[in-house]
Amino acid sequence: MISLTKDKRMLGYASLDVYSDIFHFVTTRIGGCSEGTYATFNCSPFAGDERVCVRRNQEILFEAMPEKPRELIIPHQTHGTKSLVVDETFLTLSEEDRCTRLEGIDALITREEGCCICVSTADCVPVLLYDRQHQVVAAVHAGWRGTVNFIVGHTLEQMRTVYGTEGSEVVACIGPGISLESFEVGDEVYDTFRLNGFDMSRISYRKTETGKYHIDLWEANRQQLLDFGVPGCQIEVSGICTYIHHDEFFSARRLGIASGRILSGIMKRVTEP
């Protein structure tokens with residue numbers, strides 16, 4: 001990944017950075033004002049952090065952006081597979097109605113300019129998508145439950161239905177999350193992936209010392225992208241394990257559920273009139 005700020009508060013992907021019509025970012029733990037397990041740069045309003053700290057951290061995030069978004073849209077994720085298209089109709093809703101629509105959403109899709117769509121993660125895998133032809137962006141939260149139920153594939157299908165997205169035009173980035181080495185699972189999780197048709201020889205192994213299975217969420221999501229027709233050369237995998245690098249990235253397995261979240265965002269830049 002590349003650093004978007006000198007203090008490494010925000011990282012980015014080389015494969016998306018070349019497109020001038022979009023802006024994206026991935027936050028780290030560095031440079032905010034939160035304390036304890038939220039220290040320091042937690043921008044998620046759904047993790048239990050103090051509201052004043054979240055608000056200040058979001059202000060710091062805005063200040064670091066080269067272009068301020070018109071909207072910062074963060075859904076209340078529930079490890080499901082529902083996606084929401086952020087369109088003109090959504091943007092005309094009241095704040096209360098928006099909150100209702102964002103409840104239980106784990107992926108956002110938009111081509112509205114200036115709308116920065118985000119997902120929050122801490123060991124789960126954030127996936128950012130960009131349809132170059134139709135100028136559509138998406139942000140996906142892919143924990144193991146979302147991954148095993150094909151949330152990336154479902155999001156891409158939604159993009160195809162609404163905007164005509166084809167895999168050949170998609171650039172995809174799989175962000176910091178828990179690695180194969182660190183993601184030990186029970187037999188029931190392994191069996192869920194197997195029964196849902198995943199090639200377990202590609203996404204898992206059994207550790208001899210413990211007898212426990214490990215799952216590769218990065219590869220499981222990469223396979224969904226390939227199945228949709230996204231060329232392998234257009235998929236960037238960060239390769240950063242949040243569990244191992246918990247000093248730089250939030251890890252729920254290290255810190256507990258009541259802890260900070262990485263924010264991954266993407267938006268279409270506002271076209272000059």
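- Checking side-chain atoms of N42 against main-chain N and O of R261 turns up a donor-acceptor pair under 3.5 Å.
- Residues F193 and W218 share a single hydrophobic cluster, defined by chaining ILVMFWY side chains whose heavy atoms lie under 4.5 Å apart.
- Under 3.5 Å, the side chains of Y243 and R253 contain no donor-acceptor pair of N or O atoms.
- No side-chain N or O of D49 forms a donor-acceptor pair with one of S44 less than 3.5 Å apart.
- The shortest heavy-atom contact between G143 and L217 is C-CD1, 4.5 Å.
- A side-chain donor-acceptor contact under 3.5 Å links N57 to the backbone of C33.
- R254 has no carboxylate O lying under 4.0 Å from a charged side-chain N of E248, or vice versa, which leaves the two without a salt bridge.
- Both I109 and V230 are part of a single hydrophobic cluster, where members link through side-chain heavy atoms under 4.5 Å apart.
- Taking the ring axis of F41 as reference, the NZ or CZ atom of R9 stays within 45° of it and closer than 6.0 Å to the ring centre.
- Ring centroids of H76 and F46 are separated by less than 6.0 Å, placing the two rings close together.
- Between the side chains of R111 and Y163, no donor N or O sits under 3.5 Å from an acceptor N or O.
- For D123 (side chain) and I178 (main-chain N/O), no donor-acceptor pair under 3.5 Å exists by modelled atom type.
- Side-chain atoms of Y38 come within 3.5 Å of backbone atoms of A47 as a donor-acceptor pair (strictly under, hydrogens ignored).
- Across all their heavy atoms, T155 and A107 have their closest contact at OG1-CB, 3.4 Å.
- Two rings, from Y213 and Y205, have their centers 6.0 Å or more apart.
- Taking the side chain as every heavy atom from C-beta outward, H141 and I105 never approach each other to under 4.5 Å.
- Checking T271 against E113 by side-chain atom types alone, a donor-acceptor pair falls below 3.5 Å.
- In plain terms, the two heavy atoms of G164 and H134 that are nearest each other are O-CE1, 3.1 Å.
- Grouping the Ile, Leu, Val, Met, Phe, Trp and Tyr side chains by contacts below 4.5 angstrom, directly or via other members, places L108 apart from V162.
- No donor-acceptor pair under 3.5 Å is formed between the side chain of K8 and the backbone N or O of T5.
- Note: H154 and F150 have perpendicular aromatic rings, judged against thresholds of 30 and 60 degrees for the angle between ring planes.
- One finds no salt bridge joining E184 and K212 here, because no Lys/Arg side-chain nitrogen approaches an Asp/Glu carboxylate oxygen to under 4.0 Å.
- One N or O on the side chain of S94 and one on the backbone of D97 form a donor-acceptor pair closer than 3.5 Å.
- Checked by atom type and distance alone, the side chain of N149 never pairs as donor or acceptor with a backbone atom of N196 at under 3.5 Å.
- Looking only at distances, a side-chain donor or acceptor of R29 sits under 3.5 Å from a matching main-chain atom of A39.
- Screening C118, C43, C115 for a side chain to side chain contact (heavy atoms under 4.5 Å, CB included) with L72, the sole residue that qualifies is C118.
- Side-chain N or O atoms of T40 include one that pairs as donor or acceptor with a backbone N or O of G32 at under 3.5 Å.
- D199 and Q223 form no side-chain donor-acceptor contact under 3.5 Å, judged by distance and modelled atom types alone.
- Under a 4.0 Å N-O distance rule, the pair R160/E166 qualifies as a salt bridge.
- Ion pairing between R98 and E95 fails under the 4.0 Å rule for side-chain N and carboxylate O.
- For the pair H24 (side chain) and Y13 (backbone), a donor-acceptor distance under 3.5 Å is present.
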